[in-house]
2 protein chains.
Amino acid sequence: MLSLTEENYLKAIYHLSDDGSKSVLTNDLAAAMNTKAASVTDMIKKLSAKTVISYEKYYGVNVTSKGKNEALMVIRKHRLWETFLVEKLGFSWDEVHEVAEQLEHINSTRLIEKLDEFLGFPKVDPHGDPIPDNKGKLKIMPMVAIDQLNIGYQGKIAAVKDSDSQLLKYLDKIGAKPGTKLKILNKEAYDESMEVLINDHRIFISKEVSQNILVVE
Amino acid sequence: MLSLTEENYLKAIYHLSDDGSKSVLTNDLAAAMNTKAASVTDMIKKLSAKTVISYEKYYGVNVTSKGKNEALMVIRKHRLWETFLVEKLGFSWDEVHEVAEQLEHINSTRLIEKLDEFLGFPKVDPHGDPIPDNKGKLKIMPMVAIDQLNIGYQGKIAAVKDSDSQLLKYLDKIGAKPGTKLKILNKEAYDESMEVLINDHRIFISKEVSQNILVVE
DNA sequence: AAATATTTTTAGGCTGACCTAAAAATTATA
DNA sequence: TATAATTTTTAGGTCAGCCTAAAAATATTT
């Protein structure tokens, strides 16, 4: 059983390690957790004792398969709650994260199974991120940001990358959410801005924005 | 801002004081919180410093009006979540308490207002307990347990008293929930058991059970 | 009202999650 | 490759929320 704080550390490690595929350094984790390296070292020892990460002094940490599973269950809860907040309670896209950060720590298997059912077993959350199933299985779609694509590309927005609230507000305003139709009309070589068709509206977007709009490859 | 633990203590004090109408003794609070008197004394000092209770050494604590309001907001959240769990997620009556104990500490005014709206601004929770409004106003109905009533009484079940899971399971089985029609057919003077009509079914119930079924006076 | 029993508080300790400052190990640079 | 810079760990301390044991205050009994 992990404490709330331990769950948050584990989740951060999981994300920083690119879903468990590389090791995470103490300082990076400290930055992500808004804490000091010394505190991280303390926590690393605890998580290591609980066998959710493996740890080699001075060389960073790796999530174990047990840890990966526990992290995915927290992510599952987070994304199901985000979906609930947007779909059922009418939260806007950019407001959900903070509340979901709290809700993800509610401990009840029954609750999360019932919630999943109530939501109709969604496959992705409102940002387009995949929701792990109750076994911790995650269906990852290979995606590209649209700044990598050429003029004439047509498809549907699959997800948005950053979870920055400002960006989400902006994307919401221009109607760019997962599921929305998108076409690349023009690209400006100078600043890599582009003109796109979103929901049949012509819009100019900067490179920064285009790097955050993802489509399935 | 109260911590999770402080919120739980305050809620317990509020309930033990009969909604703020009398003082609460250290030992009673220790029993309710499953902790030791010494720990309670510690916590009492903290809550006192935060002006949610007033405290006179050796003579127990009283909730202040500020404390009363904070307690009612936690109770509001608890009862709204219980309603959500039963009405929307299909939890049975006796399963909700434990989960609601966790959910009541989620901190987001916006969330609770949205939830209230989603549920259609319910006035009572699934046990028939009144839900405080967002100002902390509580509408208390004067109620009696049916063991106090006479043969021939007819009315609707308004609430159930105890929140013991065993009792709730039993009441659920016999169909005795808030809103259900009820009539007292017979009373046995010897053991104070009674025969009642619940949902047009004749049922014998013991004194213990009849003391837990409430109707509006 | 004195003695006894009960309740409550104080004193001092523990653990989890944090901190600062200093030491140790690793990595980069001259 | 020796020295400097950076990263990480260790050592020791704080605060919240708990504990036990002992002291103090209150309540009860005789």
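All chains are named by letter (A, B, ...) in the order of the sequence lines, taking the proteins before the strands, and each is independently numbered beginning at 1. Not measured: the values here are computed from a predicted model.
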Handout entry: Salt bridge present between B:R76 and B:E113 (N-O < 4.0 angstrom)
Key = yes

Handout entry: Distance, rounded to the nearest Å, where B:E7 contributes CD and D:dG17 contributes C1'
Key = 16 Å

Practice task
Ignoring backbone atoms, establish whether B:S3 has a side-chain N or O less than 4.0 Å from OP1 or OP2 of D:dA16.
Solution key: no

Problem - Side-chain N,O (B:K57) to OP1/OP2 (C:dT10) below 4.0 Å - result: yes

Practice task
Give a yes/no answer on whether the side chain of A:S39 brings an N or O atom under 4.0 Å of OP1 or OP2 in C:dC18.
Solution key: no

Problem - Member of A:V40, A:D42, A:L47 meeting the side-chain contact (heavy atoms from CB on, under 4.5 Å) criterion with A:I44 - result: A:V40

Exercise for the section: Measure the spacing between NE2 of B:H127 and NZ of B:K177 and express it to the nearest 0.5 Å. Expected result: 11.0 Å

Exercise for the section: Starting from P on C:dA25, measure out to OH on A:Y59 and report it in whole angstrom. Expected result: 11 Å

Handout entry: Between P of D:dT8 and CE of A:M43, the distance in whole Å
Key = 17 Å

Handout entry: Upstream residue (5' side of DNA chain C) when A:E6 and B:D28 are each assigned their closest nucleotide
Key = B:D28

Practice task
Give a yes/no on whether any side-chain N or O of A:T26 is located under 4.0 angstrom from OP1 or OP2 of D:dT7.
Solution key: no

Problem - Gap between atoms CG and P, on A:L4 and D:dG17 respectively (whole Å) - result: 14 Å

Problem - Under-4.0 Å side-chain N/O to phosphate OP1/OP2 contact, B:T5 with D:dA16 - result: no

Handout entry: Pair A:D125-A:H78, side-chain donor/acceptor within less than 3.5 Å
Key = no

Handout entry: Below 4.0 Å: OP1/OP2 of D:dC18 and any side-chain N or O of B:Y9
Key = yes

Practice task
Compare the minimum distances between each of C:dT10, C:dC18, D:dC18 and the side chain of B:D42, then state the nucleotide with the smallest one.
Solution key: D:dC18

Practice task
Side chain of A:Y58 only, please: which of C:dA24, C:dT8, D:dA11 is the nearest?
Solution key: C:dA24

Completion exercise
Rounded to whole Å, CG of A:N8 lies from C1' of C:dC18 at a distance of 14 Å

Fill in the blank from the handout: Rounded to whole Å, CD of A:E56 lies from C1' of D:dT9 at a distance of 14 Å

Problem - Rounded distance (Å) that lies between atom P of D:dG17 and atom CG of B:L10 - result: 13 Å

Exercise for the section: Would you indicate, yes or no, if C:dC18 has its OP1 or OP2 atom less than 4.0 angstrom from a side-chain nitrogen or oxygen of A:K36? Expected result: no

Handout entry: N/O (side chain, A:Y55) to phosphate O (OP1/OP2, D:dT8) under 4.0 Å
Key = no

Exercise for the section: Verify the contact: side-chain N or O of B:K46 to OP1 or OP2 of D:dA16, cut-off strictly under 4.0 Å; return yes or no. Expected result: no

Completion exercise
Of D:dT8, D:dT20, C:dT20, the nucleotide closest to the side chain of A:L25 is D:dT8

Exercise for the section: May I ask you to verify if any side-chain N or O of A:N27 is less than 4.0 angstrom from the OP1 or OP2 atom of D:dT8? Expected result: yes

Practice task
Report the distance from atom CD of B:Q148 to atom CD of B:E217, rounding to the nearest 0.5 Å.
Solution key: 9.5 Å

Handout entry: Lys/Arg-Asp/Glu bridge criterion (N-O < 4.0 Å) met for B:K169, B:D94
Key = yes

Problem - Any B:T35 side-chain N or O less than 4.0 Å from OP1/OP2 of D:dG17 - result: no

